[in-house]
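Throughout, a chain's letter reflects where its sequence line sits, starting with A, and its residues are numbered from 1. Below, all heavy atoms of this structure are taken into account, side chains as well, without hydrogens, waters or symmetry copies.
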There are 2 protein chains.
Amino acid sequence: MAGLTDRTYHHGDLKVALLAAARSMVEEEGGDAFTLREAARRAGVSHGAPAHHFGDKTGLLTELAVQVMSERVEQVEAARIAAGPDPVDQLKACGMAHILFMISHPRLERLCWQDTLVHRDDPALLAVLQRMAAGLIESMSAATGKMLIPDKEANPSTLLAISVVHGFAQMVNERVILQDVPEQERQTRALAMADDMLELVGTVFGNELPKDV
Amino acid sequence: MAGLTDRTYHHGDLKVALLAAARSMVEEEGGDAFTLREAARRAGVSHGAPAHHFGDKTGLLTELAVQVMSERVEQVEAARIAAGPDPVDQLKACGMAHILFMISHPRLERLCWQDTLVHRDDPALLAVLQRMAAGLIESMSAATGKMLIPDKEANPSTLLAISVVHGFAQMVNERVILQDVPEQERQTRALAMADDMLELVGTVFGNELPKDV
DNA sequence: GCGCGTATATAGACACTGTAAAGATTTATC
DNA sequence: GATAAATCTTTACAGTGTCTATATACGCGC
């Protein structure tokens, strides 16, 4: 046949090869620039091959999104453990970890929320988002001293915390702020700003706390 | 020729017709679903016609983005005026107006930040964003009592305010929160939540204020 | 070791897309 | 009224995602 140079007919590890190709493509050029055919090309395989493993373009990207979100959850969890015993410290550490991950992987982060590229209702994706939410609830419960039910949306403090973290990272990524800062400085400056900001947010929780928990 | 039914050869108002078509397409299906050819079809014109007015697909969408952002700035400004004399009230009103606009036009809002679909460095777009920032700085200066220089990024309070507003709206739009709420309730519930949250944010400014300005 | 079902990969086709170039038609200007 | 400019059509081309039919290799029962 054509196209088969030294490889065997069966690739052997095509699924992970395609995911790796997709990851680097998205990282470099963004989710919109991802192409099933180019991914197949990079994996050294015909353009029809991916269908057998992912069925669909969005199928492939959905698996990538799950991968990315899992990494994010793990890194946040690690940061919380490293933060020591104080729950408010833990909460801040989680926020910083979220922000760090998001601004370190802007295009991957964006991908995970693009419903034209990802099956937002995929069970695995929903599961990892669930894990993310659970971590937040736990941190929040510890920090405010009261047990919070998973109906996180009713609580203004929790909402404030997520919104700040999510919003700040998004604005950095979308160049709403720090537009003209050179790439190398961007991250450190963003983190410094985030630190100040989350400190300020901490005062909100400080105010509504009995102060001795 | 073919395709010309009752219309004259020259459309007469093709530019606005295409923008209108684009707007409804984006509103209904999102920016990724927008198609130059379909827009031309809706305007009753051949697929090559748009090029003469916008040059490019992103050119057209950029003009749409400018249109949308202008509306947003105007509505926010109107809300601030309607809020009365108290600067903190004004600030909250601006925040609510931003949120209201964003959750009312989720897909249009998203479009404005998608750098694969929009020329983010377009002069007109930059200008309207500048206007948006200026409004915020002014509100913020009035609310905190001190004159703020346009280096808004250095100020943690300002940063907190933008992040909360931007982040909250984004999370509503991307179904991170209020996923399962029926469409008709979503907006009112989101606004109620936003109101509580911004009230909480207000306490932050209240704390750092001399309290009598 | 052998056959056979199944998983995996290929190849070609189809309907789309955006963009570019060349021709046709109307409007504007002198 | 002639000529230039603006506007629209048409044709063509290189991509894309997905579908279908075909080819190849693997794994399991015997």
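Heavy-atom minimum distance, A/R120 versus A/L125: CA-CD2, 4.2 Å.
We find that A/R131 and A/E77 are not joined by a salt bridge, their nearest charged nitrogen and carboxylate oxygen being 4.0 Å or further apart. Look at A/E29 and A/R23 and you find no salt bridge, because none of the NZ, NE, NH1 or NH2 atoms lies under 4.0 Å from a carboxylate O. Of the charged side-chain nitrogens involved, at least one lies within less than 4.0 Å of a carboxylate oxygen, so that A/K92 and A/E199 count as a salt-bridged pair.
In this structure, B/H53 and A/G48 both approach DNA chain D, and ranking their closest nucleotides by distance from the 5' end singles out B/H53.
For A/T62 (side chain) and A/H119 (main-chain N/O), a donor-acceptor pair under 3.5 Å exists by modelled atom type.
Donor-acceptor pairing under 3.5 Å, judged by distance alone, is absent between the side chain of B/H52 and the base of D/dA6.
Under the ring pair (Phe, Tyr, Trp, His ring centres under 6.0 Å) criterion, B/H47 pairs with no residue at all, not counting sequence neighbours.
Separating the CG atom of A/D32 from the P atom of C/dT17 is a distance of 17 Å, rounded to the nearest angstrom. When the P atom of D/dC19 is taken as reference, atom CZ of A/F54 falls 16 Å away, rounded to whole Å. Separating the NZ atom of B/K15 from the P atom of D/dC8 is a distance of 12 Å, rounded to the nearest angstrom.
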Hey, what are the protein-to-nucleotides 15-17 of chain D N/O distances that come in under 3.5 Å?
unit_1, atom_1, unit_2, atom_2, d
D/dT16, OP2, A/R41, NH2, 2.7
D/dG17, OP1, A/L36, N, 2.8
D/dG17, OP2, A/L36, N, 3.3
D/dG17, OP2, A/R37, N, 3.1
D/dG17, N7, A/R37, NH1, 2.3
D/dG17, O6, A/R37, NH1, 3.2

